[in-house]
Amino acid sequence: MQSGLDVAAKNWMSVLEFSHFTKMALLFLLATLLASSVAWDNGLARQPPMGFNTWNHWHSKVSSKVLLEVATTFKQLGLDKSGYRYINTDDGWLNKARDSNGRQVPGSNFPEGILRVSQSLAELGFNFGIYSAAAFTTCLGRAGSLYHETIDAQTYAEWNVSYLKYDACGEKNLNSYAKYSIMRDAINATGHSMVFSYEPHVPVTIAWPQYVGNSWRTGKDIGSSFSALLREMESVNQWGYATGPGAWGDADMLEVGNNGLSLAEQRSHFALWAAVKSPLLIGNYSTKLGLPCFASAIQRCDDNFCLTGANITEQSTEALAILNNTEIIAVNQDALGIQAVKVFAYGHADDVTERDHPLRWAAKANQKHLDNQRTSTSPVPLDANMPFTSCQYTSIDSTQKWTLDRTRLRNGQQCLARVQGDVVVTSDCSDQSSEWLMEGVTQHATQIRVIDSSETCLALNTTGTYLQPCKQEPTKCNTSKCDNSVLVDQLFYLSKMTGQLISTFTNVSVVSPRYTKGSSKSLLVAPCNASDEYQQWGWMGHTLANKGDGRCLTQGLGFEDCSSSSTNWTLASAPGYQLKPEAASDMCVDIYNFTGPGVQLFKCKAPNSGYRGSQNEQFVYDNSTGLMRTNEDESCCGIRSPLCLAQLPTPVPQMVNIPQCLATQPSPAPAQPKIPDLIDSSLPLQVYKGPLANDNFVVIYFNTGSHTTNMSATWSQLGLKADQGYLVRDLYLKQDLGVYSSSLSLSVGSHDVRALRLSPSN
């Protein structure tokens, strides 16, 4: 039987004429996707999903009334006709406890029940999306889906859910490939069509995301700032190798219209998200106005209406026009489904505003990590006799395909067995040594117990495969967030879809950064290390000198000679210390997204204000070691060990995620993905390009600098055929600019874009 990808390939080939470049790009894409069809081809999300998500606007205040009013207003505004068809609730829809049948229960904010909401949305022409998390609890402390994947997927199918956003809120040390494959398989087993969008939260590009879901988050949680936009673009740009029809890199929800972005930045945001084929999920709304809430002075929209702010009507009209721009949307929904990538950048790195600065060093750090990834070490060596090896993702051969035969895991005549006490191997299936207690192993991650000693469990870690006393999760994890699972080396899952027995233990390849002294002027946070001179600081009354660099931290978060007035700081007690520039006492050194490694200047928060309060702004200076660490009393950032301020040369190890599967013979670690050529992201004038159907191309001129300037590119720089004439159309102006045959020069405003479609003129 032909897969959906086979059919799509034939359809594309029959209706399109291709240039050599487009043909090569398409063949590469099809090769990737057809190989992945073994693992995941549900026929959905052939174009990036478009719709709405509640989180940016309502957080926990979501309700059935909110969703239905959003849908009604979307129809009034014509957003449904533009392609926005998914109305998705984020966290906050469900209770903390499950019912007596073990099912998730909607809260009182959904009095009519989820099924009725789904039906009402369908009557309006929309698909309903829901939220859960691969953890005991969701990020808001509600009942998560870890160990309940089968019953939750069945429940969602019965509720006619069309889209699942699957978060990572706890037990983050459990292998992402394992725990997200469990929900993938559970959804697949229902036979119900459901887009699966998941959040692996891996720090570097990996080889397997397109084999697990329809979309995956490529970076951190987005924020309504230009710096966040830049950061997410740097992340999603690395994933072009993996994306295509049915599998998309998700740069997170749209912030178009939210406080913190100018209209120019909103145009940039939307055009870039469209070009890289990220799902387009609107993240703001005001039912009082009947329009998205887009005033630049608005801090937040609550209780279904916007707080007072700037010219709301004018802002709403312009931002709505961005979201309803069908020519930009057409780029996102293009039939080829090939992600645009950054092809080059130029200009002067210093031509940036102070507001942009925190992202400049982060971009450079990311490039260093990617560079190091190319020369990363081999995976941590495992026992050569152990029966676990690197999981296969594409053509899974017979060595990794297992069946559950009552109390045995069987691969032909081989079974998982134990010999010589606690040594675990694969051997024949002749005696009790190959029998195990494995209840639930095909439904969720579970412990595999010795049949005649139920308190002894199979375990896997870097020392090998062996037996050890069975562990238990702390009971507190059932009701409150636990960042890590104590069972990480004792949990296994048998996928009926692939036949693989997958461990939740992650074998990793450690990336060792090769920084040199003075190679960067940037600040970050890293796990505390008192012997690292780049984490040692001298507090000299008003300045903070770094021992490794010999210079002082500046208010721009760089480093200069300590005599400069820009290096003056104050430490304000509250209850740790907030580090504030003397010239801007309302600003604080802030750990980005509470986990770093990014550090930025951000408006100071009160100690107990809002979500997690000011935990990511609290530091304690240790005179004996010189460390400036996070305040342990505040249990900062969901990280068990404290973080310390550091100059960038501090090594920040990155882990290449290599899942482990039971096998009758070893498999080599899968080749890590090809990373795009490094392009200096500190350069302000950036050019993105991607192929479209009918030999068209999308080209984005993106000016991240502080001044309006002319941007130009030659056909050679864009990878276009020399002397080929192209009709250039500006997708925001909705005007043809003329035919160009060798180069293109256009004026681009600060933080703005020129979004262009190039069509062959002959």
Side-chain angles (χ1 to χ4, degrees), residues 16 18-19 21-29 32-33 46-50 205 210 215 218-219 229-245 247-252 254 267-280 322 325 327-346 363 673-679 681 683 685-704 711 713-715 717-720 726 728-732 744 746 748 752-760:
L16 300 177
F18 298 101
S19 68
F21 179 90
T22 304
K23 194 177 295 182
M24 292 301 99
L26 180 57
L27 289 174
F28 173 78
L29 171 68
T32 301
L33 291 176
R46 311 314 299 171
Q47 286 83 35
M50 296 173 59
T205 49
Q210 66 271 37
S215 68
T218 57
L229 186 160
L230 292 172
R231 183 193 66 245
E232 296 311 312
M233 281 304 298
E234 288 305 308
S235 295
V236 75
N237 189 58
Q238 311 305 320
W239 293 89
Y241 69 90
T243 63
W248 309 105
D250 183 358
D252 207 0
L254 291 169
R267 283 192 294 268
S268 297
H269 178 21
F270 191 67
L272 290 165
W273 260 235
V276 299
K277 304 300 189 289
S278 176
L280 301 179
I322 293 173
N325 186 315
E327 296 196 34
I328 299 286
I329 290 171
V331 169
N332 182 258
Q333 301 290 295
D334 183 77
L336 284 187
I338 298 177
Q339 176 179 324
V341 296
K342 189 189 301 183
V343 290
F344 71 98
Y346 66 103
K674 182 182 184 305
I675 301 167
D677 292 336
L678 294 180
I679 296 170
S681 297
L683 300 178
L685 306 179
Q686 304 181 11
V687 180
Y688 288 79
K689 173 238 181 178
L692 302 173
N694 298 318
D695 279 352
N696 284 212
F697 294 91
V698 60
V699 173
I700 308 288
Y701 284 5
F702 182 30
N703 178 7
T704 71
M711 291 185 63
T714 66
W715 275 200
Q717 289 171 315
L718 292 173
L720 302 177
Y726 286 95
V728 177
R729 182 169 178 81
D730 190 303
L731 302 181
Y732 274 125
L744 177 62
L746 295 170
V748 188
D752 211 340
V753 293
R754 297 297 292 269
L756 310 167
R757 177 185 282 268
L758 277 59
S759 306

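Not measured: the values here are computed from a predicted model.
- In this structure the side chain of Q717 never reaches within 4.5 angstrom of the side chain of V343, judged on heavy atoms.
- Atom CD of E232 and atom CG of L272 lie 12.5 Å apart (nearest 0.5 Å).
- The side chain to side chain donor-acceptor pair (under 3.5 Å) search around R729 returns E327, D736, not counting sequence neighbours.
- Within the 4.5 Å cutoff, no side-chain heavy atoms of P691 are placed close to those of N696.
- Side-chain contact check for Q238 versus T218: every heavy-atom pair is 4.5 Å or farther apart.
- Here the side chains of L758 and L720 are in contact, with some heavy-atom distance below 4.5 Å.
- Once rounded to the nearest 0.5 Å, the distance linking CG of L685 with OG1 of T704 reads 7.0 Å.
- Y701 contributes no side-chain N or O that, together with a main-chain N or O of L756, makes up a donor-acceptor pair within less than 3.5 Å.
- Scanning for ring-ring contact (aromatic ring centres under 6.0 Å, His included) contacts around Y726 gives W715, with sequence neighbours left out.
- Classified by interplanar angle (parallel below 30°, tilted 30° to 60°, perpendicular above 60°), the ring pair H269/W273 is perpendicular.
- Minimum heavy-atom separation, A251 to S278: N-OG, 3.1 Å.
- With sequence neighbours left out, the side chain to side chain donor-acceptor pair (under 3.5 Å) criterion links S215 to S197.
- The two residues D334 and L336 come nearest to each other via the heavy atoms OD2-N, 3.1 Å.
- Partners of A340 under the side chain to side chain contact (heavy atoms under 4.5 Å, CB included) rule, at least two apart in sequence or in another chain, are A275, V698.
- With rounding to the nearest 0.5 angstrom, the CD1 atom of I328 is 4.5 Å from the OH atom of Y732.
- Every residue meeting the side chain to side chain contact (heavy atoms under 4.5 Å, CB included) condition with N332, not counting sequence neighbours, appears here in chain and number order: P48, M50, A274, L280.
- Under the 3.5 Å distance criterion, the side-chain polar atoms of K277 are matched with a main-chain donor or acceptor of I338.
- To the nearest 0.5 angstrom, Y346 atom OH is 11.0 Å from Q686 atom CD.
- The two residues L683 and A345 come nearest to each other via the heavy atoms CD1-O, 3.5 Å.
- With sequence neighbours excluded, no residue forms a salt bridge (Lys or Arg N to Asp or Glu O under 4.0 Å) with D250.
- Partners of D752 according to the side chain to side chain donor-acceptor pair (under 3.5 Å) rule, which considers only residues two or more places apart in sequence or in another chain, are R267.
- Residues passing the side chain to side chain contact (heavy atoms under 4.5 Å, CB included) test with A330, sequence neighbours excluded: R757.
- Closest approach of G249 to T243, counting heavy atoms only: N-CG2, 3.3 Å.
- Applying the side-chain contact (heavy atoms from CB on, under 4.5 Å) test between M711 and each of L746, V753, V687 identifies V687 as the sole match.
- Using a 4.5 Å cut-off on side-chain heavy atoms (C-beta onward), N237 and Y688 make contact.
- Here the shortest heavy-atom pairing between W248 and G337 reads CZ3-O, 3.5 Å.
- Of all the heavy atoms in Q339 and V276, the pair that sits closest is CG-O, 3.3 Å.
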